Amino acid sequence: MEKQKTISGFSKLSKRGKIKWIVQNFFKDPEVVAKELKSYWLTNEDQQKIIDGFSENTISNFYLPYGVAPNFLINGKTYVIPMVTEESSVVAAVSKAAKFWMNRGGFKAEILGTKKVGQLHFSWNGEVKKLKAVFEELKAALKADAQSITANMDKRGGGIQEIELVDFTDIEANYYQLRCNFETCDSMGANFINSCLESFGQTLTRFMATHPNFAEAEKEVIIIMAILSNYTPECVVRASVTCPIQDLGKFGEMDAETFAFKFYKAIRIAEIDPYRATTNNKGIFNGIDAVVMATGNDFRAIEAGGHTYAAKDGQYRSLSHCSIKDGVFKFWLDVPLALGTVGGLTSLHPVAKRSLELLGNPSAQNLMEVIGVTGLAQNFAAVRSLVTTGIQKGHMKMHLINILNQLEASEKEIKEAVLYFKDKVVSFSAVREFIELFRKRKMVVEN
Ligand code: MEV
């Protein structure tokens, strides 16, 4: 049996020590790999320390492209949108959609709400009507005890909002939760919310133990956990575009009417069929995640909340919608986005800071608008391709370039290959064959 490769005290090793252990144990060419991993370190040591600090056991950096999509007109203001994505065509497609709508009045974005959510989950065996009877008193105590945590947020116009008792005892014995709403202004608010909730846990325990309303057996509460919810159905932005159908123009041979009809149907299909809804929404998150990443926000939180929102009526559906009424085409997207423009990575990550600067140092609400619009534009671009040329045409060119890069093609070879594959099917073997032939011919000519 192969010897298990384990280590104790790995986290205490220096960065070089960690690399040494990794390459010696897992790579055939340890010296080459060690050198390569180190080659991705930043030359600016202070900046490297900041990046290392975001995580643990860091041994190198993992690069992703940082692109920009210009020509976004949102609520009458132009933006250049920073995007971090590894998927080819995403930035090109969204830029094309931005330009398309720039000439048709641009995008509108509207904040439908900014409430964040947190939950204190607890187990309690008592008469619920007794708890309900003193609930206002409990809420006052929860808020008063959390005052040292909320003071600053209160000053900024945020803080704790509604606190509600949710009774789950019909499905789980003795299980209740305090479901709470928070306004966290320009911060994403995870730390703020979790600190408030942990304070609520202590207050609830003390309140129940000391309040005269409860019998001896009702004095004990078991706090299960205190944590924010990434489902924020009341922290939502609506992004939209609209224009008379005729203003959509022609799409190659396709007239505006046919395009509008096919586009409407494509979105309708995503509203009724979860298989298509998932792919449609994936296209939306191609845009959303890229800006969330570029601005140092938490893309896992955004994805989780977005997908739950897509299933809010019990079936997973499209986040975007389309209507055609009285000759007018309208396309819109409602998506929950719990974002921050202060705190967290937003001010620590050197490039995230520049992204926010590029966007004009937006408030969290303004960033919700920009990101919601990027999701809508990305969705428009994908569905536009799907109902007109198909997406492979655009994708294949990018795919071809990626293959050529893998084959270490020269600039001349790339140019020739792009010309050659204009009307041919791109596959790795076909491209390799083309390059091999091209190189052979070149050798013959040179000799
Ligand atoms: C690919 O990353 C995204 C699309 O599949 C989205 C869609 O089908 O709407 C093109």
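In each ligand, atom 1 is the first atom listed, and ligand 1 is the first ligand listed. Since the structure is predicted, the reported quantities are computational estimates derived from the model, not experimental observations.
By the 6.0 Å and 45° rule, K424 does not stack over the aromatic ring of F421.
Look at D334 and R238 and you find a salt bridge, because one of the NZ, NE, NH1 or NH2 atoms lies within 4.0 Å of a carboxylate O, short of that distance. Ion pairing of D255 with K250 is absent here, as no side-chain N (NZ or NE/NH1/NH2) approaches a carboxylate O to less than 4.0 Å.
Distance alone, capped at 3.5 Å, places no donor-acceptor pair between the R354 side chain and the P350 backbone.
For atom 6 (C) of ligand 1, the nearest protein heavy atom is under 4.0 Å away.
Below 30°, between 30° and 60°, or above 60°: for F251 and F100 the angle between ring planes is between 30° and 60°, a tilted geometry.
With ligand atoms numbered from 1 in the order given, ligand 1 contributes 7 (C), 8 (O), 9 (O) to contacts under 4.0 Å with heavy atoms of L386. The distance from ligand 1 to the heavy atoms of T279 drops below 4.0 Å at these ligand atoms: 5 (O), 6 (C), 7 (C), 8 (O), 9 (O). Numbered from 1 in the order shown, with element, the atoms of ligand 1 that lie under 4.0 Å from a heavy atom of A382 read 6 (C), 9 (O), 10 (C). Distances below 4.0 Å separate heavy atoms of K282 from the following atoms of ligand 1: 1 (C), 2 (O). Heavy-atom contacts of N286 reach the following atoms of ligand 1: 1 (C), 2 (O), 3 (C) (cutoff under 4.0 Å). If you number the atoms of ligand 1 from 1 as listed, the ones under 4.0 Å from a heavy atom of E87 come out as 1 (C), 2 (O).
For ligand 1, the polar-atom distance check finds an N/O of R276 within less than 3.5 Å of one of the ligand's N/O atoms. Checked by distance only, ligand 1 and N379 stay at 3.5 Å or farther apart across all their nitrogen or oxygen atoms.
Residues N366 and Y79 bring a donor and an acceptor atom of their side chains to less than 3.5 Å of each other. In this model, no donor atom of one side chain and acceptor atom of the other lie less than 3.5 Å apart for K99 and N103.
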